[in-house]
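Reviewing the structure listed below.
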Amino acid sequence: MTVAENAVTSKVITQWNQKILFDILDTIHDVVLVIDSDTTIVYANKAYAEMLGVPVPKVLGRRLDMIEPEAALTQVQRTGEVLHNRRSYLSSLGIDVVGSAFPLYEDDKVIGSVGVFKNMSEVVRLTEELRHTQGVADYLQEQLNERDALPASFQEYIGQNSGLREILLLAAKVARTDSTVLIRGESGVGKEVLARAIHNGSRRSSKHLIKVNCAAIPENLLESELFGYEEGAFSGAKKGGKMGKFELAQGGTIFLDEIGDMSLSMQAKLLRVLQEREIERVGGDKTIKLNIRVVAATNKDLDKMMDEGTFRRDLYYRLNIVPLTLPPLRERKDDIPALAGYYLNKYGQQLDNPALTLSRAALNLLQAYDWPGNVRELQNVLEHAAILAGGKYIEPQHLPAHLQGEGEHAGTVPERPSRLKEAVSAIERELMVSALKNANGNRSQAMRALGISRRAFYDKLKLYNL
Ligand SMILES: Nc1ncnc2c1ncn2[C@@H]1O[C@H](COP(=O)(O)OP(=O)(O)OP(=O)(O)O)[C@@H](O)[C@H]1O
């Protein structure tokens with residue numbers, strides 16, 4: 001304030017009496033409190049009395065350092081320094097306040113101080129409530145994210161179908177444990193993809209995932225494949241012996257695929273391993289402790305097999321700790337566009353045709369088909385179509401005849417084969433079907449009749465969805 005302004009103000013004030021000045025201070029919602037040099041309260045406005053719940057006269061003359069030793073006003077009194085917008089807690093009243101305190105000087109001497117502050121308890125309470133609510137909201141959001149988000153290892157498994165998603169979320173949870181998992185589902189639904197995701201999502205991911213296709217290994221070799229053998233265990237045994245798949249999987253995961261194709265005698269041996277968690281190599285007498293996680297898979301109806309006595313019930317219970325059944329593609333057709341997109345992108349890149357897309361008519365045909373061979377069949381169909389398409393679009397004519405509703409069975413020799421590869425595949429499939437028929441479903445016999453290796457035979461079984 002300038003000297004002239006000061007003169008004007010004092011002139012006006014002197015014209016008013018003290019009462020009017022105090023009335024003015026009482027109109028303020030903020031507390032105004034004045035203490036003298038020994039912290040005796042010499043003035044308090046109405047807001048302070050209301051905050052205390054007592055009339056003003058009862059407050060005057062009391063020593064603030066007795067009531068509230070840590071109050072900003074008493075601090076200012078001691079230090080002579082202004083405190084601005086300071087938040088403090090008044091323990092005598094149990095409230096939070098925010099305000100400023102100023103020293104009052106007379107000839108360089110602090111003769112008192114004045115404080116202007118407001119009760120912030122409501123604001124503090126609301127802020128704390130908000131913080132708590134925010135905390136709860138964050139927690140719930142985290143839970144939701146955890147519920148909906150699949151770990152990175154599951155990204156490879158394409159599918160948003162709600163039924164499938166429930167299974168994937170359960171699998172992701174189980175992945176973090178050491179539980180034995182049994183994955184069931186028709187051929188080509190992605191049991192192996194899921195087994196890999198479980199392994200990669202587990203604490204064993206830095207160790208190996210060892211796969212054993214129990215159906216593709218001849219019965220007499222399966223035991224040494226799984227358990228390994230010592231030198232001289234049998235004629236033709238390698239010098240120095242050989243490590244089995246269980247040993248190779250130490251610290252990691254063993255994936256026993258096609259477990260339903262295991263003979264009863266092997267089932268008994270496997271059951272012992274699951275119970276004892278130890279093995280002995282064929283021809284050896286040393287016990288090897290196992291630290292492995294077992295994931296098994298099958299497309300066989302194990303319940304029926306147990307009823308028929310071809311699958312051991314006790315082994316089933318050992319394996320079925322966490323059962324995961326993957327739905328067939330016909331039950332999750334809503335995933336076909338995403339799966340098709342994934343494979344077309346893949347094959348489009350390989351064929352230098354990155355913009356490769358499905359025409360609406362072709363997509364309709366994919367959606368209308370029942371996919372007995374599931375995702376594997378879809379993958380094969382799209383690979384084939386991608387080669388045939390040439391241009392940007394896959395049209396109905398690029399899809400196999402049986403998808404177009406023209407032929408009854410996949411692979412039936414087309415009357416006028418459009419491509420050599422297609423015709424060869426169709427004939428191959430026919431030959432496989434008739435070999436299996438002639439052998440009454442006995443795969444080994446069919447394989448021998450066809451004169452092809454076990455691996456080639458099983459690859460073709462998968463390829464033609466037999
Ligand atoms: N959800 C999926 N996302 C991406 N690819 C998939 C999915 N499901 C299956 N596939 C693909 O389909 C093919 C068959 O999958 P996989 O071998 O895992 O099936 P499977 O159920 O183990 O079959 P089988 O019982 O015949 O052994 C693989 O090429 C795999 O990459």
Side-chain angles (χ1 to χ4, degrees), residues 150-172 175 181-201 209-217 253-262 294-302 305 311 319 323-350 366 369 371-386 410 429 432 436 443 454-466:
L150 285 167
S153 69
F154 284 75
Q155 303 307 323
E156 200 191 326
Y157 202 100
I158 298 161
Q160 288 297 326
N161 170 271
S162 56
L164 174 78
R165 204 123 180 108
E166 288 294 316
I167 293 158
L168 295 182
L169 287 165
L170 174 61
V181 178
L182 177 62
I183 308 172
R184 298 167 83 172
E186 292 177 12
S187 182
V189 286
K191 297 185 290 296
E192 186 173 341
V193 181
L194 183 61
R196 223 171 20 236
I198 291 174
H199 171 73
N200 291 334
L209 168 73
I210 301 291
K211 180 188 164 181
V212 185
N213 186 335
C214 305
I217 302 171
T253 308
I254 192 159
F255 174 45
L256 301 172
D257 200 7
E258 319 276 7
I259 192 92
D261 291 64
M262 211 178 235
V294 178
V295 177
T298 186
N299 53 24
K300 292 272 159 70
D301 183 348
L302 293 186
M305 288 181 73
F311 199 84
L319 291 170
L324 298 171
T325 303
L326 288 170
L329 189 54
R330 65 182 167 281
E331 284 175 18
R332 55 178 191 107
K333 285 190 177 175
D334 46 340
D335 280 338
I336 289 178
L339 283 161
Y342 170 79
Y343 285 117
L344 288 189
N345 183 40
K346 181 176 161 186
Y347 299 129
Q349 303 277 353
Q350 286 172 7
L366 298 187
Y369 184 61
W371 301 106
N374 294 296
V375 183
R376 183 182 289 112
E377 187 181 4
L378 175 67
Q379 190 182 344
N380 291 343
V381 162
L382 290 172
E383 183 177 8
H384 194 216
R429 187 178 194 281
M432 296 273 297
L436 280 163
R443 290 175 172 187
R454 183 169 278 270
R455 180 160 294 276
F457 180 75
Y458 276 94
D459 284 350
K460 288 184 199 308
L461 276 187
K462 276 193 177 171
L463 183 66
Y464 301 126
N465 309 308
L466 296 174

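Position 1 is the first residue of the sequence; numbering continues from there. All ligand and atom numbering here is 1-based and tracks the order in the structure.
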Is it the case that ligand 1 has an N or O less than 3.5 angstrom from some N or O of [X]?
X: L339; answer: no
X: S187; answer: yes
X: V375; answer: no

Does the side chain of [Y] come within less than 4.5 Å of [X]'s, by heavy atoms?
X: D301; Y: M305; answer: no
X: Q379; Y: K346; answer: yes
X: N200; Y: F154; answer: no
X: L326; Y: L164; answer: yes
X: F311; Y: I259; answer: yes

First locate atom [atom1] of [X], then atom [atom2] of [Y], and finally report the distance between them rounded to the nearest 0.5 Å.
X: H199; Y: I210; atom1: NE2; atom2: CD1; value: 8.5 Å
X: W371; Y: L378; atom1: CH2; atom2: CG; value: 4.5 Å
X: I183; Y: T298; atom1: CD1; atom2: OG1; value: 11.0 Å
X: I254; Y: K211; atom1: CD1; atom2: NZ; value: 12.5 Å

Quick one: which ligand 1 atoms are inside 4.0 Å of a heavy atom on [X]?
X: E258; answer: 27 (O)
X: R332; answer: 1 (N)
X: G190; answer: 8 (N), 9 (C), 15 (O), 16 (P), 18 (O), 19 (O), 20 (P), 21 (O)
X: N299; answer: 25 (O)
X: E186; answer: 21 (O)
X: D257; answer: 27 (O)
X: E156; answer: 3 (N), 4 (C)
X: K191; answer: 18 (O), 19 (O), 20 (P), 21 (O), 22 (O), 23 (O), 24 (P), 25 (O)

Which residue owns the protein heavy atom closest to [atom], what's the atom, and how far is it?
atom: atom 17 (O) of ligand 1; answer: R376 NH2, 3.2 Å
atom: atom 30 (C) of ligand 1; answer: V193 CG2, 3.5 Å
atom: atom 5 (N) of ligand 1; answer: Y343 OH, 2.8 Å
atom: atom 28 (C) of ligand 1; answer: Q379 OE1, 3.5 Å
atom: atom 22 (O) of ligand 1; answer: E192 N, 3.1 Å
atom: atom 3 (N) of ligand 1; answer: I158 N, 3.0 Å
atom: atom 27 (O) of ligand 1; answer: K462 NZ, 3.1 Å

Point to revise | R196 contact mode with ligand 1 (heavy-atom cut-off under 4.0 Å) | key: neither

Exercise for review: Using a 4.0 Å heavy-atom threshold (strictly under), name the region of V189 that reaches ligand 1: side chain, backbone, both or neither.
Suggested key: both

Review point. Under 4.0 angstrom from ligand 1, any heavy atom of G188?
Key: yes

Review point. Is the shortest distance from a heavy atom of Y342 to ligand 1 less than 4.0 Å?
Key: no

Counting distance only, does the side-chain N/O of [X] pair as donor-acceptor with the main-chain N or O of [Y] below 3.5 Å?
X: K191; Y: E186; value: yes
X: Y458; Y: A215; value: yes
X: K333; Y: Y369; value: yes

Review point. Is there a donor-acceptor contact under 3.5 Å linking the side chains of D334 and N161?
Key: yes

